[in-house]
Amino acid sequence: MRVLIIPEDFRNDQYMLKPIITAMFSELGKPKAIIRVCQDPLLHGVSEAMKWENLEEIFYRYKGMVDIFLLCVDRDGNINRKEGLDNLEQKAKTALSHNTYFLAENAWQEIEVWVLAGHTLPRNWIWQDIRQEINPKEKYFEPFAKSRGLLYEPGGGRKTLATEAAKRYPRIKQLCPEDIANLESRIQ
């Protein structure tokens, strides 16, 4: 199985998405799945990642090399984001061959929250507050990375923290049912 993750901007997201999605596929009984993160073209944000023309270009460029395309973007407090992603999935059904799939998911609120879900967090942090925070990257992820002395590594701590979090994938799935657990269920 060949999977291409399409992030809104791979420069930081690759460090989080690859280990977490790899852990997901292992959980699904596909530990040998080839998981790659799309780096060409470089998309600059959610609006670029959700443009149908950009997705079509990616589908064409990687045709025959990918079984599942996964678009993973931040929700960023936009309650209508999932509706837009669902519309892209419907459009892709007619654009892709019968044995190639496209699934789109939004992290609730940012992908960094998936990483935090795989860690033991400070006692005074309330999980529901983290999930509902519109800017959890700034309010929670960056202070957590700083407390671990990881802000200056690749991806601002994302590489180490996501690799550690992926080892606790069942915890991520449990704490993030609206997005990670939903995506896993749809892949299965």
Side-chain angles (χ1 to χ4, degrees), residues 1-39 43 46 49 62 66-76 85 101-123 125-131 133 135-188:
M1 182 168 296
R2 301 162 301 173
V3 179
L4 184 67
I5 304 166
I6 306 167
E8 60 186 72
D9 187 329
F10 79 85
R11 292 173 292 188
N12 282 327
D13 292 352
Q14 66 180 329
Y15 298 114
M16 299 177 290
L17 290 169
K18 186 169 182 177
I20 291 172
I21 299 299
T22 298
M24 176 188 291
F25 274 84
S26 289
E27 183 87 0
L28 289 168
K30 301 286 184 190
K32 294 183 181 181
I34 299 166
I35 313 291
R36 294 182 5 216
V37 176
C38 183
Q39 297 181 352
L43 302 171
V46 177
Y62 296 96
V66 174
D67 300 307
I68 300 176
F69 292 94
L70 290 180
L71 175 63
C72 295
V73 297
D74 294 337
R75 182 172 182 238
D76 293 328
L85 295 172
Y101 302 93
F102 171 77
L103 296 170
E105 189 58 70
N106 61 174
W108 199 292
Q109 299 288 344
E110 294 177 331
I111 293 168
E112 285 81 0
V113 172
W114 295 352
V115 174
L116 291 173
H119 287 274
T120 301
L121 301 173
R123 292 180 195 246
W125 288 8
I126 299 167
W127 182 246
Q128 288 307 325
D129 292 347
I130 295 169
R131 288 289 278 176
E133 173 60 42
N135 299 302
K137 181 177 9 183
E138 293 80 8
K139 188 166 182 181
Y140 294 102
F141 182 83
E142 289 172 358
F144 186 67
K146 183 178 182 182
S147 75
R148 295 277 311 273
L150 298 171
L151 277 181
Y152 299 105
E153 75 156 28
R158 289 166 181 82
K159 184 175 184 178
T160 296
L161 292 175
T163 300
E164 292 172 359
K167 293 175 185 171
R168 298 175 74 190
Y169 175 76
R171 177 181 165 86
I172 299 172
K173 182 170 69 170
Q174 176 192 0
L175 292 175
C176 302
E178 302 92 343
D179 40 23
I180 283 286
N182 179 49
L183 179 60
E184 180 187 306
S185 173
R186 293 187 309 131
I187 290 170
Q188 194 168 26

Is the backbone N or O of L175 less than 3.5 Å from a side-chain atom of W127, with the two atoms forming a donor-acceptor pair by type?
-> yes

Can you list the steps and then say if W125 with F144 is a side chain to side chain contact (heavy atoms under 4.5 Å, CB included)?
-> CA-CA 11 Å; W125 288 8; F144 186 67; 3.8 Å; yes

Side-chain heavy atoms of Y101 within contact of F69, under 4.5 Å = no

Check whether any side-chain heavy atom of Y62 sits under 4.5 Å from a side-chain heavy atom of C38, and report yes or no.
-> yes

Euclidean distance, L116 CG relative to C176 SG, rounded to 0.5 Å | 9.0 Å

Nearest 0.5 Å please: distance from the CG atom of L43 over to the CZ atom of F10.
-> 9.5 Å

Does a side-chain heavy-atom distance below 4.5 Å link E27 with K173?
-> yes

Using only heavy-atom distances, determine whether the side chains of Q39 and Q14 contain a donor-acceptor pair under 3.5 Å.
-> yes

Nearest-0.5 Å distance that lies between atom CD1 in I187 and atom CE in M1 | 8.5 Å

For L161 and H119, which heavy atoms make the closest approach, and how far apart are they?
-> O-NE2, 2.8 Å

Is there a donor-acceptor pair under 3.5 Å between the side chain of D74 and the backbone N or O of D76?
-> no

Are the side chain of E110 and the backbone of K137 linked by a donor-acceptor contact shorter than 3.5 Å?
-> yes

Between T22 (side chain) and P19 (backbone), is there a donor-acceptor pair under 3.5 Å?
-> no

With a 4.0 Å cut-off, would you call K159 and E164 a salt bridge?
-> no

Starting from the C-alpha separation in whole Å, work towards a yes-or-no answer on side chain to side chain contact (heavy atoms under 4.5 Å, CB included) for I172 and I20.
-> CA-CA 9 Å; I172 299 172; I20 291 172; 4.2 Å; yes

Polar side chain donor-acceptor pair, E184 to Y169, under 3.5 angstrom = yes

Minimum heavy-atom distance G156-F141, with the two atoms named | O-CE2, 3.8 Å

Verify the distance criterion only: is there a donor paired with an acceptor across the side chains of N182 and E105 at less than 3.5 Å?
-> yes

Would you check, one step at a time, whether the test side chain to side chain contact (heavy atoms under 4.5 Å, CB included) holds for I180 with M24?
-> CA-CA 9 Å; I180 283 286; M24 176 188 291; 4.1 Å; yes

Hey, are R131 and D179 close enough for a salt bridge, meaning a charged N less than 4.0 Å from a carboxylate O?
-> yes

Give a yes or no on whether the backbone of L28 and the side-chain of Q188 come within a donor-acceptor separation of less than 3.5 Å.
-> no

Close side-chain approach of F25 to I34, heavy-atom, < 4.5 Å | no

I111 CD1 to D13 CG distance, which is reported to the nearest 0.5 Å = 4.0 Å

Can you list the steps and then say if L4 with D67 is a side chain to side chain contact (heavy atoms under 4.5 Å, CB included)?
-> CA-CA 8 Å; L4 184 67; D67 300 307; over 6 Å; no

Got a donor-acceptor contact below 3.5 angstrom from the R171 side chain to the A117 backbone?
-> yes

Would a 4.5 Å heavy-atom cut-off, applied to side chains only, mark L85 and V73 as touching?
-> yes

In plain terms, say whether R158 and E112 are close enough for a salt bridge, that is, a side-chain N and a carboxylate O under 4.0 Å apart.
-> yes

Is there a side-chain contact between N135 and E133, using heavy atoms and a 4.5 Å cut-off?
-> yes

Please report the closest heavy-atom contact between K146 and L151, naming both atoms and the distance.
-> CB-CD1, 3.5 Å

What heavy-atom pair brings N12 and G155 nearest, and what distance separates the two atoms?
-> OD1-CA, 3.3 Å

L70 and side-chain contact (heavy atoms from CB on, under 4.5 Å): which partner among I6, V37, I21?
-> I21

CD1 of I130 to CG of L121: how many Å apart, nearest 0.5 Å?
-> 5.0 Å

Hey, could you give me the CZ/CG distance between R186 and L183, rounded to the nearest 0.5 Å?
-> 6.0 Å

So which heavy atom on A49 is nearest to which on P7, and how close?
-> CB-O, 4.2 Å

Which atoms form the tightest heavy-atom contact between P143 and K139, and what is the distance?
-> CG-O, 3.4 Å

